Amino acid sequence: MSAIKHNWTKEEILDIYNKPLMELLYEAATAHRLHHDPNTVQVSTLLSIKTGGCPEDCGYCPQAARYHTDIDGNDLMSVQQVKAQALRAKSSGSSRVCMGAAWRNVKDGEEFDQVLEMVRTINKLDMEVCCTLGMLTENQAKRLAEAGLYAYNHNLDSSEEYYKEVISTRGFSDRLETIDNVRKTNVTVCSGGIIGMGEKVEDRAEMLVALSTLNPQPESVPINALVAVEGTPLEDQEPISIWDMVRMVATTRIVMPETQVRLSAGRTQMTKEGQAMCFFAGANSIFAGDKLLTTPNPDVNEDMEMFKLLGLNPQKPFIKKMQPKTVEAQDSQYEALGEKPKWSRPEHTIERNEAAKEKAKIAK
């Protein structure tokens, strides 16, 4: 088995992406079979534990407080509510629960303590626990690891260059610093991006360069197709074609062969045949449930019918890495430091983001 390559260049990745499709699929499927069971796909459930009211200006996100969308915000869920949802997810075949909170960054205090308790609770259900909570410090990452966190999601979203066309309230370097803080623990890294935001193919390649040159590479890479939501700056973006999605999945599989490639947002716009091509190209994870945080997602029964049709089996938990141990709050080695890190605020102006903000003021 060949060693993992960590020095991919944009030109090399573009050469792969632009191969004749049948060659690309064959190469990706071959790499996939070397490192994974081709008939096993992980089913994960994404749970929005705190929805809406986010201070960021991400152009794709209906949870940004500055835009006017039809998202109903909610305060942080209780541990009991989360446990009930996790049990429901487990009974329908999910082996991982990913909890998302619409925060810019983690802040020490009661709410973070509550999230730590959610992590402990779900890990004790013998499910993988993932969190996506925004930027976090090394100490916060260690507290999550101690609670039993399996993975932390922090997407790069796009290339460093195109990132500035989508988000002005934080810098690309903040994403990398958070991933670095997670890497100082035993928590696995989940980091990917969104295609279809108006970026060029070169930007997709640059994003894969940024991810694949991390050492180690992320254990998990979600590939999202933009779901354009009314009221957001990207509301008028046309959906990307299935061919773009298949090429992106296949290229990701080739440059990061050991990674779980997650077929994420945008699946409602894909046929079963399109999704089957993505699985053949190396995708080996989906998110189940009727929503992905706030955007529509196929019903879990539809997914199970598709699995049966394709002869796919849901992946069991802790196949790639052992289950972490949970340390109870009273036995913790780490305490809240009340940190106030200086995450960047580039605050350059993105015209379409400003236009959506002004439109929201009128609508409200």
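Predicted model, so just to flag it, every value in this text is computed and none were measured. Starting from 1, each residue takes its place in the sequence as its number.
- The environment of OH in Tyr26 is sparse: at most 12 heavy-atom neighbours from other residues, nucleotides or ligands sit within 6.0 Å.
- For Asp108 (side chain) and Gly338 (main-chain N/O), a donor-acceptor pair under 3.5 Å exists by modelled atom type.
- The OG atom of Ser212 sits 8.5 Å away from atom CG of Asn7, with the distance rounded to the nearest 0.5 Å.
- You'll find the side chain of Val82 reaches within 4.5 Å of the side chain of Met99, heavy atoms only.
- With hydrophobic clusters built from ILVMFWY side chains whose heavy atoms lie under 4.5 angstrom apart, Val261 shares a cluster with Leu310.
- Under the 4.5 Å side-chain heavy-atom criterion for Ile, Leu, Val, Met, Phe, Trp and Tyr, Leu116 and Val327 are members of distinct hydrophobic clusters.
- Contacts of Phe280 classified as side-chain contact (heavy atoms from CB on, under 4.5 Å), with partners at least two apart in sequence or in another chain: Leu25, Ala29, Arg33.
- Considering only heavy atoms from C-beta on, Ser95 stays 4.5 Å or farther from Pro314 through its side chain.
- Scanning for side-chain contact (heavy atoms from CB on, under 4.5 Å) contacts around Gln315 gives Thr40, Gln42, Gln260, Ile319, Lys320, with sequence neighbours left out.
- The same ILVMFWY cluster, assembled from side-chain heavy atoms under 4.5 Å apart, contains both Val246 and Leu14.
- Annotation: ring-ring contact (aromatic ring centres under 6.0 Å, His included) contacts of His32 (sequence neighbours excluded): His36.
- With sequence neighbours left out, Ser285 forms a side chain to side chain donor-acceptor pair (under 3.5 Å) with Arg262.
- Using a 4.5 Å heavy-atom cutoff, the side chains of Lys50 and Asp75 are not in contact.
- Here the side chains of Ser241 and Asp244 are in contact, with some heavy-atom distance below 4.5 Å.
- Note on Arg170 versus Asp157: salt bridge recorded, some NZ/NE/NH1/NH2 to OD/OE distance being below 4.0 Å.
- For Glu138 and Lys142, the salt-bridge test passes: some basic side-chain N is under 4.0 Å from an acidic carboxylate O.
- Here Glu273 pairs with Thr271 under the side chain to side chain donor-acceptor pair (under 3.5 Å) rule; sequence neighbours left out.
- Other residues, nucleotides and ligands contribute over 12 non-hydrogen atoms within 6.0 Å of the NZ atom of Lys124.
- The closest donor-acceptor contact from the side chain of Asn39 to the backbone of Leu312 lies at 3.5 Å or more, if one exists at all.
- Within the structure, every pair that satisfies the ring-ring contact (aromatic ring centres under 6.0 Å, His included) test and touches residues 130-157, not counting sequence neighbours, is listed here: Tyr150-Phe318.
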Could you go through the side chain to side chain donor-acceptor pair (under 3.5 Å) check for Thr326 and Asn123 one step at a time? CA-CA 7 Å; Thr326 285; Asn123 191 44; 2.8 Å; yes
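- Cys130 is not listed as a side-chain neighbour of Val97, based on a closest heavy-atom distance of 4.5 Å or more.
- At a cut-off of 3.5 Å, with distance as the only test, no side-chain donor of Asp203 or Ser158 sits close to an acceptor on the other residue.
- A search for side-chain contact (heavy atoms from CB on, under 4.5 Å) contacts involving Thr9 returns Glu11, Glu12, not counting sequence neighbours.
- Identified under the salt bridge (charged side-chain N to carboxylate O under 4.0 Å, His left out) test for residues 14-32, with sequence neighbours left out: Lys19-Glu27.
- One distance of note links CD1 of Ile13 with CE of Met207; it measures 9.5 Å at 0.5 Å rounding.
- Leu337 is not connected to Val182 by any chain of hydrophobic side-chain contacts under 4.5 Å among Ile, Leu, Val, Met, Phe, Trp and Tyr, and they are in different clusters.
- Between Ile240 and Gln269, every side-chain heavy-atom pair lies at or beyond the 4.5 Å cut-off.
- One finds no salt bridge joining Lys200 and Glu161 here, because no Lys/Arg side-chain nitrogen approaches an Asp/Glu carboxylate oxygen to under 4.0 Å.
- Glu238 CD: 12 or fewer foreign heavy atoms inside a 6.0 Å radius.
- Contact check on Glu117 versus Arg120 returns a salt bridge, with a Lys/Arg side-chain nitrogen under 4.0 Å from an Asp/Glu carboxylate oxygen.
- Contact annotation: the side chain of Lys325 never approaches that of Glu146 to less than 4.5 Å [non-hydrogen atoms, C-beta and beyond].
- Inter-residue side-chain proximity for Thr45 and Arg96 is flagged as unmet; no heavy-atom pair is nearer than 4.5 Å.
- Residue pairs meeting the ring-ring contact (aromatic ring centres under 6.0 Å, His included) criterion with at least one member in residues 156-175, sequence neighbours excluded, are Tyr163-Phe172.
- Shown are Thr251, Ile16, Leu156; of these, the side-chain contact (heavy atoms from CB on, under 4.5 Å) with Leu208 is made only by Thr251.
- Residues satisfying the side-chain contact (heavy atoms from CB on, under 4.5 Å) test with Asn105, not counting sequence neighbours, are Lys107, Met135, Trp343.
- In terms of the side chain to side chain donor-acceptor pair (under 3.5 Å) criterion, residue partners of Arg143 (sequence neighbours excluded) are, by chain and number, Asp113.
- Cluster annotation: Met304 and Met127 are assigned to the same hydrophobic cluster (Ile/Leu/Val/Met/Phe/Trp/Tyr, side-chain heavy-atom contacts under 4.5 Å, transitive).
- Every pair passing salt bridge (charged side-chain N to carboxylate O under 4.0 Å, His left out) that includes a residue from residues 174-183 is listed here, sequence neighbours excluded: Asp180-Lys184, Arg183-Glu219.
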